[in-house]
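For reference, the structure is listed below as structure tokens.
First the proteins, then the strands, lettered A, B, ... as listed; each starts at 1. For clarity, every value in this text was computed on a predicted model and none was experimentally measured.
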Amino acid sequence: MQRVLNKAFFDRPTLDVARDLIGKQLCRRLESGKIIRARICGTEAYDGFEDRASHASKGATTRNVVMFGPPGRAYIYLCYGVHWLFNITTREKGYPAAVLIRAVEGVAGPGRLTKHFQISSSFNDQLLTRVGGLWVEDVDGEVSPTRIVATPRVGVNYAGAEWAAMPWRFVWEKQE
DNA sequence: TGCGCGATTCTC
DNA sequence: AGAATCGCGCAT
């Protein structure tokens with residue numbers, strides 16, 4: 001039994017969404033029609049106006065405006081002029097927040113992940129809550145919360161000690 | 001209008 | 001340790 005994560009799933013506190021996305025299945029239908037699925041095992045939350053690590057802390061721009069939009073959409077931006085990074089928006093329209101998808105099983109690293117799934121700017125602001133080119137599915141066998149570890153986010157020291165220290169990164173620590 | 005740096009990754 | 005290389009924020 002599989003179900004597509006709906007808007008209500010993403011219309012919740014960003015930390016809850018980031019944690020609950022661990023173990024969910026990222027799904028992508030390629031141009032060829034082939035469908036790729038892999039479980040999410042690393043996420044990061046970027047939440048609200050005050051989070052200095054978030055693009056949204058400086059206000060809305062052409063790049064980050066999707067973060068201010070409705071939940072359950074793809075926020076994709078070019079990092080270091082080289083890599084596309086894939087986020088999913090959370091919270092209601094007007095409140096800037098998103099979850100960065102850092103890793104899935106077998107593919108570690110947010111830039112590598114988008115390359116593997118062939119995700120680029122064409123998906124920016126696209127709806128993820130229905131089966132199409134890109135969506136997320138729940139799967140049988142819930143992941144035990146005890147296997148999910150919260151740590152500080154990666155590469156955000158520029159945000160200052162307070163925000164850099166927030167344990168808003170979630171990693172699936174598999175036993176064995 | 002220009003400059004520095006970033007939610008990274010790969011190679012030397 | 002450095003390169004690749006595009007946008008944004010902030011200073012000229």
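B:dC10 and C:dG7 are spaced 22 Å apart, taking the C1' atom of each and rounding to whole Å.
The cluster map of Ile, Leu, Val, Met, Phe, Trp and Tyr, joined by side-chain heavy atoms under 4.5 Å apart, puts A:Tyr95 and A:Tyr75 in the same cluster.
Summarising the geometry, the separation between NZ on A:Lys58 and P on B:dC5 is reported as 13 Å, rounded to the nearest angstrom. Between the P atom of B:dG6 and the CZ atom of A:Arg52 lies a distance of 14 Å, rounded to the nearest Å. Rounding to whole angstrom units, CG of residue A:Asn124 and C1' of C:dG7 are separated by 14 Å. Taking atom OH of residue A:Tyr75 and atom P of nucleotide C:dG7, one finds them 13 Å apart after rounding to whole Å. The CG atom of A:Asn157 sits 10 Å away from the P atom of B:dG6 (whole-angstrom rounding). Rounded to whole Å, the distance from NZ on A:Lys115 to C1' on C:dA4 is 12 Å. If you take NE2 of A:His116 and P of B:dT8, they are 20 Å apart, rounded to a whole angstrom. Between the C1' atom of B:dC5 and the OH atom of A:Tyr80 lies a distance of 8 Å, rounded to the nearest Å.
Taking the side chain as every heavy atom from C-beta outward, A:Ser121 and A:Trp84 approach each other to under 4.5 Å. Inter-residue side-chain proximity for A:Ile22 and A:Thr43 is flagged as met; some heavy-atom pair is nearer than 4.5 Å. Annotation: side chain of A:Asp20 is not in contact with side chain of A:Leu5 (no heavy-atom distance under 4.5 Å).
When the nearest nucleotides of DNA chain B are assigned to A:Asn87 and A:Arg112 by heavy-atom distance, the more 5′-ward of the two goes with A:Asn87.
In this structure, A:Tyr77 has its ring center closer than 6.0 angstrom to the ring center of A:His55.
Within 4.0 Å (heavy atoms only), A:Val154 reaches sugar-phosphate atoms of the nucleic acid but no base atom. Using a 4.0 Å heavy-atom criterion, one finds that A:Leu100 contacts the bases of the nucleic acid, with or without backbone contacts as well.
In the set B:dT8, C:dG9, C:dC6, the nucleotide with an atom closest to the side chain of A:Arg102 is B:dT8.
Here A:Arg63 does not reach the OP1 or OP2 of C:dG9: none of its side-chain N or O atoms lies under 4.0 Å away.
Pairing partner, C:dT5: none, since no Watson-Crick or wobble contact has both distances short of 3.5 Å.
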